[in-house]
> 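I have a structure I would like to understand better, so I am pasting it below and will then ask my questions one at a time.
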Amino acid sequence: MDNSKFSGFYKKSPEERLKIIKELAKLTDEEAEILKKTGSLGMETADRMIENVVGTSEFPFGLGLHFLINGKDYVIPMCIEEPSVVAAASFSAKLARESGGFKTSSDDPVMIGQIQIMGFKNFQKAKKSILNNKEKIISKANERDSVLVSFGGGAKDLEVMKVDSKVGEMLIVHLLVDVRDAMGANAVNTMCEGISPLLEELTRGYVRLRIISNLADRRLARAKTIWKKEVLEKSTKGMMKGEEVVKAILEAYHLAVNDPYRCATHNKGIMNGVDAVVIATGNDFRAVEAGAHSFASITGKYKPLTKYHKNREGDLVGEIELPIAIGTVGGATRTKPEAKVALKILGVKTAKELSEVIAAVGLAQNFAALRALATEGIQRGHMRLHAKNIAITAGAKGDEIEKVSNKMTDEKNISVSRAKEILKEIRK
Ligand code: MEV
């Protein structure tokens, strides 16, 4: 590609940029049009959100149903490209209703800001100097965000740690900031930068990094529910006894406990649900992903984010605990139009409430995957939806979609070419 064409690219309008890339990548008119056709976001907003914009990209916006959380009904917006996820979460939630739904809890929305200090002479002296001036440092941090403080948030505490490394001894300050209903990265980063000169003065060292930690382990959300064995038996249409289903799910779970290869997939399934809600509400799914996986390995061993056991009645108890750093104010939660709608559908009042809803979805998602994997296998349901997508790709419309996908599923031959053939037959 001719790289000179990109000079000053960022200063151009999206239309001008699109023209350039159309030429360079030899896009057809149709292909260029795909990028140009923006959804609710609109080109102007998109262009203000990130750099070098030439279009927008969309996700299906589905609704997770049947969620009963702490006695309240929720409809849960989920944005994801993968078939089965929304159906699976809704299915689990429906089964969980039989025992009263999900019970959740969460920590205060406290994020950690890290300040890395190097070049000090004596760690203990530097640490003492910081701790002796704790109040002063905290109030200096809070000067940077009076709005957050007025809402009851702000820097609340700090901790000092030592990290030994190949390039020298480091003193790490953890600034603990209650970010209320925000995700918090902006507030925390601003505060970390704001207190750095004072920390340099106090330690006689120099500050290197000043940044939030995505291992948000002070901001954990939890959910718990019981899936009754009778309900589980019914869910297999009587193919398996309730006790057998509980046993099968526990066996599946214990592979994740003991094997990182399975555990990665186990946790991936949880994140299917978590990310779908995080994306629907305009939140930073990379931050939540980073938090979840680092928390999963915080003991030095990569662990499942969920836990299961059989209770005295022989029912299956499922629990989840993970960091969920999301907001209901700020960032894309307000700039992405559908994120605002998603929050309205959810009816959550605070980021804390949203984090608990997300935890419940993560648990529901994981249970659905384990149940399917441990009983009938995952492919049947998956394939039905996959066949529908293939039918649509082949050009099926309306009733044709069901007809084409059913035929392909029956034949166990799911491909665009077969879908086209079936379409031809139907349309004859
Ligand atoms: C697929 O996106 C997610 C699953 O693989 C999760 C799991 O195996 O637990 C089905």
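For reference, positions follow the sequence shown, starting with 1. As the structure lists them, so they are numbered: ligands from 1, and atoms in each ligand from 1. Being a predicted model, the structure only gives us computed values, none of them experimental. Hydrogens, waters and symmetry mates are skipped; everything else that's a heavy atom, side chains included, is used.
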> If you count the non-hydrogen atoms of other residues, nucleotides and ligands that lie under 6.0 Å from NZ in K310, is the total more than 12?
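Incorrect, the count does not exceed 12.
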
> At under 4.0 Å between heavy atoms, which part of N272 makes contact with ligand 1: side chain, backbone, both or neither?
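Side chain only.
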
> What are the atoms of ligand 1, with element, lying closer than 4.0 Å to any heavy atom of T265?
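Taking each heavy atom of T265 in turn, ligand 1 has 5 (O), 6 (C), 7 (C), 8 (O), 9 (O) under 4.0 Å.
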
> Which atoms from ligand 1 have a heavy atom of L373 less than 4.0 Å away?
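Matching atoms, with element in brackets: 7 (C), 8 (O), 9 (O).
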
> Looking only at side chains, do H293 and Y302 share a donor and an acceptor under 3.5 Å apart?
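Short answer, yes.
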
> Are any of the N/O atoms on H266, whether in the backbone or the side chain, positioned under 3.5 angstrom from an N/O atom of ligand 1?
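No, no N or O pair falls under 3.5 Å.
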
> Of all the atoms in ligand 1, which lie at a distance below 4.0 Å from a heavy atom belonging to R262?
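Listed by number with element, the hits are 7 (C), 8 (O), 9 (O).
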
> In terms of heavy-atom contacts, does CE of M239 have more than 12 from other residues, nucleotides or ligands at under 6.0 Å?
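Atom CE in M239 is not packed in, count stays at 12 or less.
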
> Does atom CG (D164) have a neighbourhood of more than 12 heavy atoms from anything else shown, all under 6.0 Å?
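Atom CG in D164 is packed in, count exceeds 12.
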
> Under 4.0 Å from a heavy atom of K268: give me the atoms of ligand 1 that qualify, with their elements.
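Reading through ligand 1 atom by atom, the close ones are 1 (C), 2 (O).
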
> Specify side chain, backbone, both or neither for L370, according to which of its non-hydrogen atoms lie closer than 4.0 Å to ligand 1.
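Under 4.0 Å from ligand 1, L370 contributes no heavy atoms.
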
> Do we see a donor-acceptor contact under 3.5 Å between the side chains of S99 and K228?
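There is no such pair between these side chains.
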
> Of the non-hydrogen atoms in L423 and A394, which two are nearest, and what is the gap between them?
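Looking at all heavy atoms of both residues, the closest pair is CD1-O, 3.4 Å.
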
> Considering the heavy atoms of E82, write down every atom of ligand 1 situated less than 4.0 Å from one of them.
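Atoms satisfying the 4.0 Å criterion: 1 (C), 2 (O).
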
